[in-house]
Amino acid sequence: MAKSDNKMADTGEKIFIGKCVQPAWLTLGLANRHGLVTGATGTGKTVSLQVMAEGFARAGVPVFAADIKGDLSGISEVGEPKDFILKRAGDMGLTFRPDRFSTIFWDVFGEQGHPVRATVSEMGPLLLSRMMDLNDVQEGVLNIAFKVADEQGLLLLDMKDLRAILSFIAEHAADLTTQYGNVSKQTVGTIQRQLLVLENQGGAKFFGEPALALKDFMRTDSDGRGMINILVADKLMQSPQLYATFLLWMLSELFEELPEAGDPPKPKLVFFFDEAHLLFNDAPKALMDKIEQVVRLIRSKGVGVYFVTQNPIDVPDKVLAQLGNRVQHALRAFTPRDQKAVAAAAQTFRPNPKLDTAKVIMELGKGEALVSFLEGNGTPAMVERVMIRPPSARIGPITPEERKAIMDKSPVKGKYDTTIDSESAYEVLQKRVAGSAASADAPAGGGGILGQIGAIVGTIFGTNVSRGRMSTGQVVARSVTRSVTNKVVGGAAASLGKSVGGSMGSSVGRALVRGALGGLLRR
């Protein structure tokens, strides 16, 4: 057994990942240059992911990771000093110190974690088209639906809102065609059918309010450690398009919302994207270009993205070129595609004259990996054959009782657990059909100074005038008028944020535009 060397522990500047002849360190200041963890099934990718997540958390960096099989949930419980763990630690000169990490569980379906939701407007037409596998013509009609909703001041929050606006443009197709291009009822019908498929896959639970606030992913616990956010994805993986598009939406939201950070001493957040091949499979070129742009530029926001997949060839070359930190577990070369993957993996490393990289990739044992992290000047280190250190927390899944106990103490308990159905496109269009739009838009009654103030502000913004088309700004302004009046008189009015659709109306006077991936920017 090697002599214990406690110097091989995480420092404030780097994370100890493993050891062969020399320790393998992941430098925190270069961790936002992204990374790749690859290897065949059963070779230790999940353990490597857990070791990296633990290191980031100890350094005060919040982590988000998708848990496909449930194995990563053990990071929330104290590690067990099993014989194979003690042996590996001893062989590496380490003293095994059991630990646990503050964890928040999330679940699109709200079953094994806090619900995760986004509004339809925040998702945007580009990602929705990808989620529903629409062709170019159908995507064009969906873009028209979003444009009309924005111009009409109609909030698209959930799936019934999207259905309502699609029905609206189908009914007014003749009027819209001259301004936006051809809108056929047959195309709208096809989109509606695809919406039904998405709904059957669980999409209805994902769209709605309260929408996820990304700041809830970027928390530290009372000890200053980064919180580890785990997306329970075993059921979600049954709908791979929904899974991939959801994680891509999260990346795009981080890209749009976070300020520029340059090269911070450590990342603001590290994002692990498991089963990354699903993101790129059959993606149209326009979307691939956007993905490459987001991955390339999100580094400057202080976010590190780590793709986890079986083969390096699952990741397009343009994206692969952005991934500076590499952990390559064993690959098997039984087929021509496998042989191509081995050769591609070997070629992506900085050569080491002491290693036949392609040969070693096929010889690696469980828990071993070829590792190359970025060095101080930002260039990759020579590839080394490394034994990955054992995790400090539990390896393997937790029990339902342990999960419940963690969720009961969660810092976001109660924030997302109850769905809110705000007034949005569906309700507004229903009122128009019923002929009640005029009464709904009439100014609040009441004389005196408060009524006069409301009338004056309403006149300035044009919000107390019944009109068929209201801009989003007018919707916001009308909500301001009513909210201010209600609060002055002491009424129990809903907050402004909810009155204009939750997170979409959280600030007044910001332009509503669509960002790189078609999501709503609130500026």
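Positions are given from 1 along the sequence. Predicted model only: the values in this text are computed from it and were never measured.
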Heavy-atom donor-acceptor pair, Thr245 side chain to Leu242 backbone, under 3.5 Å: no
Short N-O contact, Arg299 and Asp263, less than 4.0 angstrom: yes
Exercise: identify the closest heavy-atom pair between Ile144 and Gly181: CD1-O, 4.4 Å
For Pro312 against Gln328, the heavy-atom pair lying closest together: CG-OE1, 3.5 Å
Between Thr46 and Asp71: side-chain donor-acceptor atoms closer than 3.5 Å: no
Glu402 and Thr399, any side-chain heavy atoms less than 4.5 Å apart: yes
Pair Thr38-His329, side-chain donor/acceptor within less than 3.5 Å: no
Any residue meeting side chain to side chain contact (heavy atoms under 4.5 Å, CB included) with Pro411, in chain and number order, not counting sequence neighbours: Ile104, Arg219, Met227
Arg403 vs Ser76 side-chain heavy atoms within contact, under 4.5 Å: no
Salt bridge (Lys or Arg N to Asp or Glu O under 4.0 Å) assessment of Arg58 paired with Asp221: CA-CA 11 Å; Arg58 276 190 290 262; Asp221 62 17; over 6 Å; no
Candidate pair Phe206 and Phe246, rule ring-ring contact (aromatic ring centres under 6.0 Å, His included), full reasoning: CA-CA 9 Å; Phe206 173 60; Phe246 164 66; 5.3 Å; yes
Backbone of Leu30 reached by a side-chain donor or acceptor of Thr27 within 3.5 Å: no
Check: Lys69 and Asp234 side chains under 4.5 Å, non-hydrogen atoms: no
Salt bridge present between Glu111 and Lys235 (N-O < 4.0 angstrom): yes
Between Arg326 and Thr348: side-chain donor-acceptor atoms closer than 3.5 Å: yes
Euclidean distance, Glu257 CD relative to Leu214 CG, rounded to 0.5 Å: 5.0 Å
Minimum side-chain heavy-atom gap Arg385-Val371 below 4.5 Å: no
Side chain Ser410, main chain Val412, donor-acceptor under 3.5 Å: yes
Non-hydrogen atoms of Leu323 and Val305 that approach each other most closely: CD2-O, 4.5 Å
Chi angles and distances behind the side chain to side chain contact (heavy atoms under 4.5 Å, CB included) call for Met362, Leu331: CA-CA 5 Å; Met362 295 184 288; Leu331 290 174; 5.6 Å; no
Side-chain donor/acceptor of Gln194 to backbone N/O of Met132, under 3.5 Å: yes
Side-chain donor/acceptor of Asn229 to backbone N/O of Val63, under 3.5 Å: yes
Check: Thr187/Ser184 side-chain N/O donor and acceptor closer than 3.5 Å: yes
Spatial distance of atom CZ (Phe207) from atom CD (Glu122) [nearest 0.5 Å]: 10.5 Å
Ring geometry between Phe16 and Trp25 (parallel below 30°, tilted from 30 to 60°, perpendicular above 60°): tilted
Minimum heavy-atom distance Ala211-Thr119, with the two atoms named: CB-CG2, 4.1 Å
Working for side chain to side chain contact (heavy atoms under 4.5 Å, CB included), residues Arg337 and Asn311: CA-CA 10 Å; Arg337 185 180 188 276; Asn311 293 317; 3.0 Å; yes
Whether over 12 other heavy atoms sit under 6.0 Å from Asp317 CG: no
Validation row: Arg117, Leu212 side chains within 4.5 angstrom (heavy atoms): no
Side chain Glu54, main chain Ala393, donor-acceptor under 3.5 Å: yes
Salt-bridge present (Lys415, Asp216; N to O < 4.0 Å): yes
Any Val308 side-chain heavy atom under 4.5 Å of Phe273 side chain: no
Side-chain donor/acceptor of Gln322 to backbone N/O of Glu292, under 3.5 Å: no
Spacing of CD1 belonging to Ile398 relative to CD1 belonging to Ile75, to within rounding of 0.5 Å: 11.5 Å
Atom pair CH2/CE of Trp106 and Met250 - distance to nearest 0.5 Å: 9.0 Å
Taking every non-hydrogen atom, the tightest pair across Ala66 and Tyr243: CB-OH, 3.4 Å
Residues in salt bridge (Lys or Arg N to Asp or Glu O under 4.0 Å) contact with Glu199, at least two apart in sequence or another chain: Arg163
Which atom of Ala213 lies closest to which atom of Tyr416, heavy atoms considered: N-OH, 3.0 Å
Polar side-chain atom of Asp67 near backbone of Gly70 as donor-acceptor pair, under 3.5 Å: yes
Steps toward side chain to side chain contact (heavy atoms under 4.5 Å, CB included) verdict (Lys268, Lys301): CA-CA 8 Å; Lys268 293 181 178 179; Lys301 305 297 183 82; over 6 Å; no
Rounded distance [0.5 Å steps], CG in Leu236 versus NZ in Lys205: 12.0 Å
Geometric class of the Phe64/Phe217 ring pair [parallel <30°, tilted 30-60°, perpendicular >60°]: tilted
Polar side-chain atom of Lys366 near backbone of Thr43 as donor-acceptor pair, under 3.5 Å: no
Heavy atoms from other residues, nucleotides or ligands near CG of Asp83 exceed 12 (cutoff 6.0 Å): no
Between Thr419 and Glu209: side-chain donor-acceptor atoms closer than 3.5 Å: no
Donor-acceptor contact below 3.5 Å, side chain Asp107 vs main chain His114: no
Distance in Å, Met92 CE paired with Cys20 SG, rounded so as to fall on 0.5 Å steps: 9.5 Å
Residues Leu287, Leu248; criterion side chain to side chain contact (heavy atoms under 4.5 Å, CB included); working and verdict: CA-CA 11 Å; Leu287 181 58; Leu248 182 55; 4.0 Å; yes
CD (Glu80) with more than 12 external heavy atoms under 6.0 Å: yes
Charged N-O contact under 4.0 Å between Arg394 and Asp99: no
Asp91 and Lys87 ion-paired at < 4.0 Å: yes
Pair Glu375 + Arg350, salt bridge at N-O below 4.0 Å: yes
Phe146 and Leu162, any side-chain heavy atoms less than 4.5 Å apart: yes
Salt-bridge present (Asp136, Lys285; N to O < 4.0 Å): no
